[in-house]
Amino acid sequence: MNMNEFRRRMLLCAFEAGQLLCEITLSEDIKKEPEQVRKNVATILTLLVETMEFLEGITADVQDSD
């Protein structure tokens with residue numbers, strides 16, 4: 001497994017964790033403190049930024065190879 005494959009797998013796991021975190025945050029059945037909601041949103045945003053940067057890197061690699 002090369003580094004890009006490893007990063008892809010880790011980002012997939014992070015994305016799935018972020019998706020679950022989003023569902024928990026939006027759930028009205030679970031009582032959450034405002035600080036916990038803020039932390040959840042910050043974590044989700046970090047995951048999205050990391051994913052976007054990774055995808056931009058892949059796009060740049062593909063364009064450079066053309």
Side-chain angles (χ1 to χ4, degrees):
M1 173 184 329
N2 63 27
M3 184 56 83
N4 278 340
E5 176 66 17
F6 175 77
R7 288 189 69 204
R8 186 191 68 77
R9 287 184 182 187
M10 291 301 102
L11 284 172
L12 181 59
C13 290
F15 175 78
E16 290 170 347
Q19 186 177 14
L20 289 172
L21 188 58
C22 186
E23 290 173 12
I24 289 169
T25 302
L26 293 175
S27 174
E28 294 180 7
D29 297 336
I30 301 171
K31 183 170 172 38
K32 296 164 289 299
E33 297 294 325
E35 181 63 15
Q36 187 60 53
V37 172
R38 187 197 66 75
K39 288 179 181 180
N40 290 358
V41 170
T43 301
I44 293 165
L45 288 173
T46 300
L47 293 171
L48 289 173
V49 168
E50 289 291 325
T51 302
M52 287 174 52
E53 289 174 358
F54 177 70
L55 293 175
E56 288 171 355
I58 289 174
T59 302
D61 289 345
V62 169
Q63 290 174 348
D64 289 343
S65 67
D66 288 343

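- Note that the CG atom of N40 and the CD atom of E35 stand 10.0 Å from one another [nearest 0.5 Å].
- Cluster membership check: I44 does not share its hydrophobic cluster with L20, using side-chain heavy-atom separations under 4.5 Å among Ile, Leu, Val, Met, Phe, Trp and Tyr.
- Around CE of M3, the count of heavy atoms belonging to other residues, nucleotides or ligands within 6.0 Å does not exceed 12.
- The hydrophobic cluster containing I58 also contains L11, counting ILVMFWY residues as joined when their side-chain heavy atoms lie under 4.5 angstrom apart, directly or transitively.
- Note that CD of E50 and CZ of R7 are 7.0 Å apart. Values are rounded to the nearest 0.5 Å.
- L21 and L26 are not part of a single hydrophobic cluster, where members link through side-chain heavy atoms under 4.5 Å apart.
- Without hydrogens or angle criteria, S27 side chain to E23 main chain gives no donor-acceptor distance under 3.5 Å.
- With values rounded to the nearest 0.5 angstrom, R9 atom CZ is found 4.5 Å from E5 atom CD.
- Of all heavy-atom pairs spanning V37 and K32, the tightest one is CG2-CB, 3.9 Å.
- Linking ILVMFWY residues whenever their side-chain heavy atoms come closer than 4.5 Å, directly or via other members, leaves F6 and F54 in distinct clusters.
- Put simply, V49 and L47 are part of two different groups of oily side chains (I, L, V, M, F, W, Y) that touch within less than 4.5 Å, one to the next.
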